[in-house]
Protein chains: 4
Amino acid sequence: MAGVNKVILVGNLGADPEVKHLEGDKVVANLRLATTEAYKDRNGNRVENTEWHDLELWDGQAKIAEQYLKKGMQLYVEGKIKSDSWQDEQGNNRKRVKIRVINFTMLGGRPEGAGSPSQGTSAYSGNSPKPAAVPVMDSPGEEDDLPF
Amino acid sequence: MAGVNKVILVGNLGADPEVKHLEGDKVVANLRLATTEAYKDRNGNRVENTEWHDLELWDGQAKIAEQYLKKGMQLYVEGKIKSDSWQDEQGNNRKRVKIRVINFTMLGGRPEGAGSPSQGTSAYSGNSPKPAAVPVMDSPGEEDDLPF
Amino acid sequence: MAGVNKVILVGNLGADPEVKHLEGDKVVANLRLATTEAYKDRNGNRVENTEWHDLELWDGQAKIAEQYLKKGMQLYVEGKIKSDSWQDEQGNNRKRVKIRVINFTMLGGRPEGAGSPSQGTSAYSGNSPKPAAVPVMDSPGEEDDLPF
Amino acid sequence: MAGVNKVILVGNLGADPEVKHLEGDKVVANLRLATTEAYKDRNGNRVENTEWHDLELWDGQAKIAEQYLKKGMQLYVEGKIKSDSWQDEQGNNRKRVKIRVINFTMLGGRPEGAGSPSQGTSAYSGNSPKPAAVPVMDSPGEEDDLPF
DNA sequence: TTTT
DNA sequence: TTTT
């Protein structure tokens, strides 16, 4: 029976995208996204808890990621859980979980950028030219061309 | 900054819950949930793809799971991704991803059960007495008492 | 900046679909879906609260709705909020909110149907032949053909 | 049977919150949130479509809204659809749909604010002191105290 | 108007 | 009425 496997994340990129251009025009981008929750423990102390997610984007989305996404940016991500299973050298069953991104959008990104130089570093300064103009990318069909 | 880490699943249980009663009244239940997607590949053949999810429920929810959930049942689940990291005996970094359940509800479960015997097996026949009456369980606060 | 407008519902149909075949092969189906939440008030009394939603499906989804959906069935629905605004005869601004369905799947629907007669009524008995086999319908692109 | 009624929005506030302090310490805040989707029509022209949502927050969340939210800010919102029904003076059945907010978080909010003056206007400049530090507010239980 |  |  048809099921539902949906993930919704809002978090920040821990690094620039890692992009691989494969044969046959395929492109894959891998992202590390941190989602942080803050709460008070029973003693009233503020606790922060960060979860790191491995995201995988393909083709059109991967190209957008390569072009616009930078370490530190805040993203909204919708995707699904996908796991790879294999046996390691010791013969142990191994499993790795990734989020296959269905669509995403950049958040915040107040560009105004008066006087914001293009630093040598790739870290996101919130001042890149119009990153927020990248629309949500929906994966089925339309994902293969850049949306502008 | 506050983030969002949300998972929404609709799928079927691959087995009865595994429940552990810990010291100090803590209870934990582990579930295996299958979400299946069906689509047609480029040749028009129907393909089915099943993803297995490890769910973890605590305390009040774990008790409800223990009492009502059976292999085969269809569930709606809302939760968040949580990973455990450790080093294995070979010193490799290992990571395991689970879904910490925030709330869930049983789906379908047409009880009427005309002629449905209580089989010796624990597999869900769709005829158990009123499973669908279990409400969505929200985890914060109210999760520790059975909701009926 | 690209936004997110997402609705996720699990509920029951209050009536059979109302389907209109428009010129140019367009088809639209309107559904009424009830989502019920149950909770205990401060006196410990069980309270039920039902919200009725107006759903709108187009083309391929509308045809599937016409063919398979029946009053009483339980659905998972994903969509977005869409409002129509107009002026009524008195010149008042009026607004109506609908859920534009992006995809849906039938839930439960234990087909086995031992002894379930095909009643003259259209109300769902939970015994119709394999409704649960209808996959989630995604709207972009593939929505115009029946998925089997 | 327990249902699901969930709304997830990412959008911008069209105005400052409207807050009412009621008797008995109750507080309610009303927000107008715009979610915009952009797509290309069949002629390849970029089209923008904005949906306006009426949000309602209570008590602790309302106080946070009153204190921190400003016109123009970008929010992530989770809530549920709630409708009020009544008869107008002409005896017509009327219905109004609101989003009852369950939790929300402010997005973006590049605080650093080099050279950003505190303008007399209340419009969000993206430079207010650390708005992004406000965590997601969950409504059940903990909602009545400010979370810091 | 559904469902429990 | 927001945002780009």
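Since the structure is predicted, the reported quantities are computational estimates derived from the model, not experimental observations. Reminder, nothing fancy here: chain letters follow the sequence lines and each chain counts from 1.
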Please state how far atom CD in Q74(C) lies from atom P in dT3(E), giving the value in whole angstrom units. 11 Å
Side chain to side chain donor-acceptor pair (under 3.5 Å) filter on N43(C), not counting sequence neighbours, yields none
Hey, is the side chain of T50(D) pairing donor to acceptor with the base of dT3(F) inside 3.5 Å? no
Among V4(C), V101(C), N5(C), find the one that has a side-chain contact (heavy atoms from CB on, under 4.5 Å) with K80(C). N5(C)
Kindly write out the residues that satisfy side-chain contact (heavy atoms from CB on, under 4.5 Å) with K20(D), not counting sequence neighbours, or none if the list is empty. L22(D), V28(D), N30(D)
Just one of T50(C), N49(C), N12(C) clears the side chain to side chain donor-acceptor pair (under 3.5 Å) bar with T36(C), so which one? T50(C)
Roughly how many Å is it from CG in N12(C) to P in dT4(E), rounded to a whole number? 7 Å
Roughly, in whole Å, what's the span from CE in M73(D) to C1' in dT4(F)? 18 Å
How many whole angstroms separate atom CD of E51(D) from atom C1' of dT3(F)? 15 Å
Using atom OH of Y68(B) as one end and atom C1' of dT4(E) as the other, report the distance to the nearest whole Å. 13 Å
When rounded to whole Å, the CG to P distance for the pair L33(C) and dT2(E) reads 13 Å
Send over the distance from N5(D) CG to dT2(E) P, rounded to a whole Å. 19 Å
Among dT2(F), dT4(F), dT2(E), which nucleotide has an atom closest to any side-chain atom of K71(D)? dT2(F)
Tell me the interatomic distance from H53(C), atom NE2, to dT3(E), atom C1', rounded to whole angstroms. 13 Å
